[in-house]
Amino acid sequence: MTRPRGNIPPVYKPATSRLIVVLAAVVAWAFNDAPARAGDWPQFLGPTRNGVTDDAVALWPAGGPAVAWAAKVGQGFSGPVVAGGNLVLFHRVGDEAVVQCMEAASGKVRWAAKYPTDYRDDFGFDEGPRATPAIADGRVYTLGAEGMLCCWNLADGAKVWSVDTRAMFHADKGFFGVACSPLVEGDLVVLNVGGKDGAGVVAFDRRDGHVRWKATNDEAGYASPVAATLGGQRSILSFNREGLVGLDPSNGNVRFKFHWRSRSHASVNAATPLVIGGQVFLSASYGTGAVLLKFSDGKPEPVWSGDDILSNHYATSVHHNGFLYGFDGRQEQTPRLRCVELNTGKIRWTEEEFGAGTLLLAGDRLVILTEKGDLIVAPATPDAFKPAARAKILHSTCRAHAALAGGLFYARDQETLVCIDLRPK
């Protein structure tokens with residue numbers, strides 16, 4: 001099939017005996033009243049923003065998993081999100097950033113909205129959006145690589161408001177454009193902006209886009225913020241270029257800072273902080289390494305740290321039953337896949353030269369998508385890496401984090417979005 005150029009990519013039905021088309025699910029409530037529910041993946045890293053879901057996934061026979069549907073897509077490393085039977089994909093087609101809503105079960109396009117973008121990558125990489133959208137209370141929030149923050153109606157794609165964050169806050173372009181996935185916390189949309197004059201982190205009113213508060217003078221990193229309760233206090237945790245900062249969501253006041261960055265100028269902090277109980281796991285590459293933080297009187301203190309344990313380049317690790325699972329090492333240097341004891345930093349197993357990718361945790365199983373498009377399911381166990389199923393599902397570079405909603409696995413590369421049926425039979 002010839003890839004269309006300059007138009008919204010259509011859905012196509014793969015032609016092979018194992019490929020099936022799943023009928024569209026009936027949406028039980030109106031779009032604008034559809035909250036995140038069990039089986040949704042409404043934001044970056046899923047319902048709890050840590051790559052973990054209770055969804056069960058099934059293994060597949062030797063012939064490979066069933067592909068429910070697939071669609072040609074434009075450029076970008078922005079991952080799909082799913083809520084209330086709707087899938088939203090943010091990508092670039094020609095010189096336009098496109099927000100596209102589909103029926104999650106069938107891939108049928110419901111609407112598409114767009115705006116012009118002039119982002120150009122200084123290193124000749126992909127020029128599409130990097131940030132994954134967020135869906136909340138009938139609205140969709142997107143942030144383009146050029147820095148345009150937009151709010152859209154989930155029902156029909158109408159634009160509600162927009163803010164040019166780079167122009168408003170005089171933020172630098174960075175190495176690879178803007179990549180922070182929006183965090184919706186209460187009535188706020190929070191971004192790691194990296195702007196001037198105290199606009200390192202900015203909270204916008206999610207109803208109309210006006211600025212509620214600004215905080216820090218830190219440059220932007222490539223990690224996305226999370227919200228968590230630590231020591232009985234709700235905080236925004238933003239892993240900026242200088243390190244971790246904890247902020248009061250009500251006013252942006254800084255509660256704590258923890259410096260954690262490489263001495264190298266050519267470095268980024270990209271993996272999102274993991275909040276595990278009352279502790280926070282941070283990880284970065286470029287000679288920085290990983291650290292587990294505990295909190296005493298509201299201040300972070302290292303439990304352990306090191307650059308030879310679990311140094312995430314861009315993919316966020318996951319946690320299960322006291323163990324961390326993730327990629328260790330630079331993407332261009334063939335990273336290892338590792339399991340590490342959370343409380344000690346002890347390495348339990350290593351798969352050398354595994355390669356880069358992303359992963360999530362479904363129940364007690366790791367669901368891994370490699371950069372080369374291989375889907376791997378393995379038990380999340382500290383005993384050894386024991387892959388139970390493996391199949392090629394995509395064919396060009398995969399860097400976007402995937403979504404898992406209702407047993408359907410949604411993943412994309414630089415050309416195709418695919419829906420894989422992993423539902424237990």
Side-chain angles (χ1 to χ4, degrees), residues 13-23 25 38-41 45-48 50-70 79-80 82 87 104-107 315-327 335-339 348-395 398 400-413 416-425:
K13 300 176 182 179
T16 163
S17 60
R18 282 205 51 80
L19 304 186
I20 62 173
V21 178
V22 178
L23 296 176
D40 283 349
W41 194 276
L45 297 178
T48 47
N50 60 359
V52 176
T53 175
D54 291 333
D55 269 10
V57 295
L59 305 180
W60 50 84
V67 179
W69 56 265
V82 180
L87 180 145
S106 69
T316 303
S317 296
V318 296
H319 169 260
H320 181 58
N321 288 348
F323 296 92
L324 295 161
Y325 300 87
F327 295 89
R336 299 165 286 275
L337 187 68
R338 261 190 182 160
C339 171
R348 292 296 295 264
W349 54 254
T350 299
E351 283 295 301
E352 295 289 352
E353 299 185 351
F354 188 87
T358 58
L359 78 169
L360 58 86
L361 179 75
D364 59 359
R365 285 176 168 171
L366 300 173
V367 183
I368 304 164
L369 180 65
T370 72
E371 274 199 354
K372 295 180 179 179
D374 292 326
L375 176 63
I376 303 168
V377 175
T381 171
D383 298 333
F385 180 59
K386 303 174 182 177
R390 183 172 189 145
K392 173 75 72 175
I393 63 168
L394 291 164
H395 298 280
C398 303
H401 282 71
L404 180 65
L408 297 176
F409 182 78
Y410 303 91
R412 63 162 298 181
D413 59 14
T416 305
L417 169 66
V418 65
C419 173
I420 304 294
D421 193 343
L422 299 181
R423 293 173 294 185
K425 305 302 180 185

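Every heavy atom of this structure was used, including side-chain atoms; hydrogens, water molecules and symmetry mates were not. Residue numbers count from 1 along this sequence. The structure displayed is predicted, hence computed values, not measured ones.
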In the structure I gave you, are the side-chain heavy atoms of [X] and [Y] within less than 4.5 Å of one another anywhere?
{"X": "V67", "Y": "I393", "answer": "no"}
{"X": "F409", "Y": "V57", "answer": "no"}
{"X": "L337", "Y": "T350", "answer": "no"}
{"X": "N50", "Y": "L45", "answer": "no"}
{"X": "Y325", "Y": "S317", "answer": "no"}
{"X": "W60", "Y": "D421", "answer": "no"}
{"X": "L360", "Y": "H401", "answer": "no"}

What is the minimum heavy-atom distance between [X] and [Y], and which atoms define it?
{"X": "A104", "Y": "L408", "result": "O-CD1, 4.4 Å"}
{"X": "C398", "Y": "T370", "result": "CB-O, 3.6 Å"}
{"X": "A356", "Y": "P335", "result": "N-CD, 3.6 Å"}
{"X": "G357", "Y": "A315", "result": "O-CB, 3.1 Å"}
{"X": "R423", "Y": "A58", "result": "O-CB, 3.8 Å"}
{"X": "P382", "Y": "C339", "result": "CA-SG, 3.7 Å"}

Inter-residue atom distance [X].[atom1] - [Y].[atom2], 0.5 Å rounding:
{"X": "F385", "Y": "I376", "atom1": "CZ", "atom2": "CD1", "answer": "5.0 Å"}
{"X": "R336", "Y": "E353", "atom1": "CZ", "atom2": "CD", "answer": "9.5 Å"}
{"X": "L375", "Y": "K392", "atom1": "CG", "atom2": "NZ", "answer": "11.0 Å"}
{"X": "D413", "Y": "E371", "atom1": "CG", "atom2": "CD", "answer": "11.5 Å"}
{"X": "W41", "Y": "D55", "atom1": "CH2", "atom2": "CG", "answer": "8.5 Å"}
{"X": "I420", "Y": "L394", "atom1": "CD1", "atom2": "CG", "answer": "7.0 Å"}

Say whether, by atom type as modelled, one donor and one acceptor occur between the side chain of R412 and the main chain of A400 under 3.5 angstrom.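 Judged by distance alone, no pair lies under 3.5 Å.
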
Looking at residues at least two apart in the chain, or sitting in another chain, which of them share a side chain to side chain contact (heavy atoms under 4.5 Å, CB included) with H319?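 For H319 the side chain to side chain contact (heavy atoms under 4.5 Å, CB included) partners, ignoring immediate neighbours, are I276, L324, L342.
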
Between L366 and L361, does the side chain to side chain contact (heavy atoms under 4.5 Å, CB included) criterion hold? Intermediate values first, please. CA-CA 5 Å; L366 300 173; L361 179 75; 4.0 Å; yes

